[in-house]
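So the structure is just underneath, and the comments pick up after that.
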Amino acid sequence: MEKFDHQKIEKETQKYWEESGIYTTDLSETKKDPYYLLFEFPYPSGDLHIGHWYAFALTDIFARFKRMQGKNVLFPMGFDSFGLPAENAAIKHGVNPREWTYANMDRMRAQVKSMGTSVDWSKEVVSSDPEYYRWTQWLFSKLYEHGLAERRNAAVKWCPKDQTVLANEQVTDGKCERCGTEVEEKTLTQWFFTITKYAKRLLEDLDALPWKEEIKDAQRAWIGESKGAKLSFPVKDTEVAISVFTTRPDTLFGSTYVVLAPEHPLVGELLSRTKNKEDIENYVSQVKKKTERERLENKEKTGVLLEGIDVINPATKELIPVFIADYVLASYGTGAVMAVPAHDERDYVFAQKFSLPVKQVLVTEAPVPYTGSGVLQDSGEFSGMSSEEAKEAIVKFVEGELTTNYRIRDWLVSRQRYWGCPIPVVYDPEGTPHIVPSEHLPWLLPEDVDFTLSGKSPLATSKELKERVTTLFGEGWTPEYDTLDTFVDSSWYFLRYLDPEDVHDFSDQALMKKWLPVDRYSGGSEHTTMHLLYARFFHKALYDLALVPTPEPFNERMNRGLIMGPDGQKMSKSKGNVVNPDEFVQKFGADAVRMYLAFIGPYNEPGNYPWSLDGVVSMRRFLDRIVWLSGRLVDEEPDAALRKSLSQASTKVATDTERFKFNTAISSLMVLVRDMDGYEKLSKAAYKDLLLFLAPFAPHLAEHLWKTVGGTSSIHLESFPHYPDGVEETEMTIIVQVNGKKRGEITVPVDATQDVVEKGAETIPSLATLLHEEQVIRKIYVPGRILNFVINKN
RNA sequence: GCUGGGAUGGCGAAAUUGGUAGACGCGCCUGCCUUAGGAGCAGGUUCCUUCGGGAGUGGAGGUUCAAGUCCUCUUCCCAGCACCA
């Protein structure tokens with residue numbers, strides 16, 4: 001059998017698409033419904049692997065399908081081109097990060113085109129272009145003006161390998177999310193976005209989003225709401241008090257000591273009043289030396305008593321001791337807790353170790369510590385109350401404050417790295433920060449820097465930057481040397497796609513009104529509590545500043561799965577199991593590779609699929625078969641049987657593609673092709689419909705074959721074939737069961753009554769004997785489907 | 001530990017409201033055609049079987065004429081969170 005020349009076809013069709021400009025979206029057009037389909041813009045790492053195909057080419061199937069459904073589809077792409085790898089490559093190979101990055105992008109553009117994607121390149125956005133990052137800087141200044149960006153001293157995570165601070169989200173199990181190095185804790189003055197101010201809305205607005213529960217739940221867990229109260233424990237003989245956060249004010253009468261985090265600001269203040277100053281200082285410095293991981297792994301509680309300091313339990317008025325211990329986190333709540341050893345596991349363990357009194361204030365038979373709720377005892381006038389009632393009553397009694405705490409921390413956006421967006425801030429001689437006025441934007445990244453790792457911001461080595469600041473602002477003024485977390489760049493890129501050339505604004509208000517929120521956003525599940533959360537926050541902040549028209553950036557979201565190496569392991573260079581798609585594309589064609597990836601499983605479930613060569617071969621075989629069919633076309637209308645096959649395929653492909661079940665959509669195409677294979681003379685009209693079904697999946701071949709059957713313009717401008725009423729059936733198949741087990745089937749006219757069906761069923765030979773001998777108790781008939789005889793088993 | 005998701009052939013997976021379990025594909029088996037191509041064609045392929053049938057969707061119960069699907073208990077796997085007061 002003759003095989004088609006995929007290389008020639010791909011080259012021709014890609015050239016035709018590029019010249020005809022059919023994928024350029026007119027954003028202002030009003031006749032069609034706008035449909036914004038977004039995928040996460042990639043980092044230009046240089047090596048395009050099979051995972052990129054999975055991300056881009058499969059989203060492209062959906063873009064093409066939506067176009068054929070008559071939508072005005074915006075399907076853009078760009079590059080998240082700031083970031084560490086460029087800088088590391090620069091250090092390792094002595095190349096300029098900019099040159100490295102921009103060369104990679106050129107290569108990747110060509111590769112993405114080779115997949116047969118219908119990306120509208122006229123909307124391309126590159127986050128490291130000064131004309132892009134000027135607006136990142138401008139948006140930063142807007143957040144700053146409204147108190148959403150602030151500079152403060154705080155305990156932060158530090159990656160010793162990458163030599164930069166990290167946001168909380170970029171640390172997993174105490175390790176740097178990027179390089180896996182154990183992070184350290186440092187107290188530094190850094191820039192933060194106050195995402196915690198939006199915690200409540202980020203949480204509440206999730207309810208209305210049409211996302212999968214698993215994605216929403218992961219965000220809910222990350223935001224981590226807990227309702228409780230702030231209570232004040234006065235320090236004896238002073239004016240100060242220790243404020244604690246607790247979710248269990250009902251157990252206040254059982255609080256027998258108070259614990260401060262080692263980094264708590266009061267520690268310094270109280271130090272002079274203690275009798276064991278040295279011990280305390282030793283403990284605090286010891287804690288500081290530990291990595292995050294060491295603190296987590298050491299479940300053994302450590303701590304030190306503040307000798308000579310007592311605080312007053314506001315409920316019992318008793319004097320209780322104060323400890324410093326690293327099981328209390330400075331960054332959560334007030335950085336101090338009231339310890340109730342009888343009703344909290346951690347407090348109990350600590351109390352055992354330091355021989356502290358354990359006072360039970362809930363009636364329970366359960367062994368201490370009992371952490372559930374119950375009825376109070378030994379709690380003064382509140383004894384006998386339920387935990388629920390007592391919570392509010394006790395907070396009122398001690399003049400506390402009901403509050404809600406969130407687990408999420410403010411987003412640390414400073415990075416001590418070179419290849420990022422410069423933070424548009426300068427400092428006056430007193431050290432007060434000032435935003436760089438918009439007339440000086442873009443605030444360019446200096447070129448004369450030494451970006452070898454020193455632990456300090458590379459920008460500090462730039463003479464040009466210092467001179468620039470002195471010239472523009474005056475003697476004694478200094479620049480900010482840190483750059484922004486690249487997640488800031490990616491928090492708004494999808495707004496820029498709507499108006500990428502705009503020199504007066506970050507995007508166009510009218511177009512945003514028309515196109516936002518993004519209809520569907522496809523990406524990786526690793527971004528659930530990173531990019532997806534940041535972008536929602538950023539968008540809400542811009543919404544509050546009346547800069548964007550919607551409170552949420554994305555409507556539907558789908559997380560795709562992962563293509564594993566042929567060994568079933570996650571692909572990585574170090575394991576040597578990275579699959580380079582180029583070889584397969586060359587041998588079997590881009591269409592076969594696309595279709596195989598689409599066929600391996602449902603696209604919207606983040607499963608893991610091992611790459612297999614055999615699958616691509618079979619997909620190529622399937623495409624060959626479609627080409628062979630073109631040799632037996634006749635100018636005839638399809639017969640009834642074929643019309644039925646076409647109708648079924650049309651429904652199945654449309655509904656499955658809509659739900660990202662590309663695997664079953666393709667399987668129904670295979671069934672259709674098998675049916676067509678049964679015709680020695682095949683209706684050309686039917687074959688044309690097959691090509692239309694195929695077009696989103698195998699865009700090159702469909703385009704090529706379309707021309708051979710008389711198509712004059714691109715197949716990708718055609719409508720998806722639709723069979724509104726299906727095909728009229730004359731017969732139906734009824735499954736015959738005995739006691740719920742299938743025993744046979746009969747075919748009857750569609751208008752057959754139950755009687756007719758029963759008569760027919762009784763003539764089935766194997767059933768006839770069965771029904772004769774046994775007593776039929778009941779007959780259940782589900783019209784058009786099932787006839788079930790219930791017989792007496794004896 | 002908490003939260004969420006899941007478990008279906010040798011493998012990837014299908015299965016509207018409970019109504020033919022295993023579509024489609026891989027792999028494997030048999031045969032054909034050819035010849036050495038990661039080929040093509042036809043048929044078979046859940047398991048067991050004395051070829052009549054019997055069993056079967058992680059396990060044990062239950063509801064129902066009928067359960068992969070609903071309920072209860074349970075085991076294991078994956079993901080997220082985790083000293084968060």
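Proteins get letters first, then strands, A, B, ... in listed order; numbering begins at 1 in each.
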Task: Pair Tyr348(A) + Phe350(A): ring centers closer than 6.0 Å - done: no

Open item on the list: Please classify the nucleic acid contact of Ile600(A) as base, sugar-phosphate, or nothing, using heavy-atom distances under 4.0 Å.
Closed with: sugar-phosphate

Using atom names, set out every protein N or O paired with an N or O of nucleotides 68-70 of chain B below 3.5 Å, distance rounded to 0.1 Å.
none

Task: Donor-acceptor pair under 3.5 Å, Lys301(A) side chain vs C83(B) base - done: yes

Open item on the list: Test: salt bridge (charged side-chain N to carboxylate O under 4.0 Å, His left out). Region: residues 332-342 of chain A. Which pairs qualify, not counting sequence neighbours?
Closed with: none

Task: Phosphate OP1/OP2 of A85(B) contacted by Ser226(A) side-chain N/O (<4.0 Å) - done: yes

Task: Heavy atoms of other groups near Glu345(A) CD, more than 12 under 6.0 Å - done: no

TODO: Identify, with sequence neighbours excluded, every residue that meets side chain to side chain donor-acceptor pair (under 3.5 Å) alongside Lys359(A).
DONE: none

TODO: Identify, with sequence neighbours excluded, every residue that meets side chain to side chain donor-acceptor pair (under 3.5 Å) alongside Lys288(A).
DONE: none

TODO: Only counting residues at least two apart or in another chain, list the ones meeting ring pair (Phe, Tyr, Trp, His ring centres under 6.0 Å) with Tyr54(A).
DONE: Tyr603(A)

Open item on the list: The side chain of Trp628(A) is closest to which nucleotide in this list: G38(B), C65(B), C41(B)?
Closed with: C41(B)

Open item on the list: For Tyr198(A) together with Trp411(A), are the ring centres under 6.0 Å from each other?
Closed with: no

- [ ] Note every stem involving RNA chain B: at least three consecutive Watson-Crick or G-U wobble pairs, i with j then i+1 with j-1, with both distances under 3.5 Å.
- [x] B:1-7 with B:75-81, B:10-12 with B:24-26, B:27-32 with B:40-45, B:46-48 with B:53-55, B:58-62 with B:70-74

Open item on the list: The criterion is side chain to side chain donor-acceptor pair (under 3.5 Å); which residues satisfy it with Arg632(A), sequence neighbours excluded?
Closed with: Asp677(A)

Open item on the list: Does any part of the side chain of Val258(A), heavy atoms only, come nearer than 4.5 Å to the side chain of Val337(A), both counted from C-beta?
Closed with: no

Atom pairs, N/O to N/O, protein against nucleotides 17-22 of chain B, distance under 3.5 Å?
from: U17(B); atom 1: O4; to: Arg785(A); atom 2: NH1; distance (Å): 2.1
from: U17(B); atom 1: O4; to: Arg785(A); atom 2: NH2; distance (Å): 2.9
from: G19(B); atom 1: N2; to: Gln737(A); atom 2: OE1; distance (Å): 3.3
from: U20(B); atom 1: O2; to: Lys742(A); atom 2: NZ; distance (Å): 2.8

What N/O pairs connect the protein and nucleotides 8-10 of chain B at under 3.5 Å? Give each pair on its own line.
none

- [ ] Under 4.0 Å between any heavy atoms, over every strand shown, what does Pro610(A) touch: base, sugar-phosphate, or nothing? Just pick one.
- [x] nothing

- [ ] Give the nucleotide from the list C83(B), G12(B), A15(B) with an atom nearest to the side chain of Arg659(A).
- [x] A15(B)

TODO: Would you classify Glu214(A) as touching base, sugar-phosphate or nothing, given that sugar-phosphate means primed atoms plus P, OP1 and OP2, and contacts are heavy atoms under 4.0 Å?
DONE: sugar-phosphate

Task: Residue Thr664(A), side-chain atoms from C-beta onward, closest of G38(B), A23(B), A85(B) - done: A23(B)

Task: Residue mapping more 5' on RNA chain B - nearest nucleotide basis, Glu605(A) or Val617(A) - done: Glu605(A)

Task: Parallel, tilted or perpendicular: rings of His531(A) and His527(A) (30°, 60°) - done: perpendicular

Task: Side-chain ion pair, Glu300(A) and Lys353(A), N-O less than 4.0 Å - done: yes

Open item on the list: Can you identify which nucleotide, out of G38(B), A82(B), G12(B), has its nearest atom closest to the Arg407(A) side chain?
Closed with: A82(B)

TODO: Kindly confirm or rule out a cation-pi arrangement of Arg620(A) over Tyr596(A), judged by NZ or CZ under 6.0 Å from the six-membered ring centre and within 45° of its axis?
DONE: no

Task: 5' precedence on RNA chain B between Thr529(A) and Gly601(A) (nearest-nucleotide basis) - done: Gly601(A)

Task: Summary of salt bridge (charged side-chain N to carboxylate O under 4.0 Å, His left out) pairs that have at least one residue in residues 321-342 of chain A, sequence neighbours excluded - done: Lys290(A)-Asp326(A)

What are the atom names and distances for every N/O pair under 3.5 Å that joins the protein to nucleotides 24-29 of chain B?
from: C24(B); atom 1: OP1; to: Arg674(A); atom 2: NH1; distance (Å): 2.4
from: C26(B); atom 1: OP1; to: Arg621(A); atom 2: NH2; distance (Å): 2.7

Task: Asp656(A) side, atom CG; Ser668(A) side, atom OG - distance, nearest 0.5 Å - done: 6.0 Å

Open item on the list: Among residues at least two apart in sequence or on other chains, which ones pass side chain to side chain donor-acceptor pair (under 3.5 Å) with Thr247(A)?
Closed with: none

Open item on the list: Quiz question: by atom type and distance under 3.5 Å, do the side chains of Ser226(A) and Asn405(A) form a donor-acceptor pair?
Closed with: no

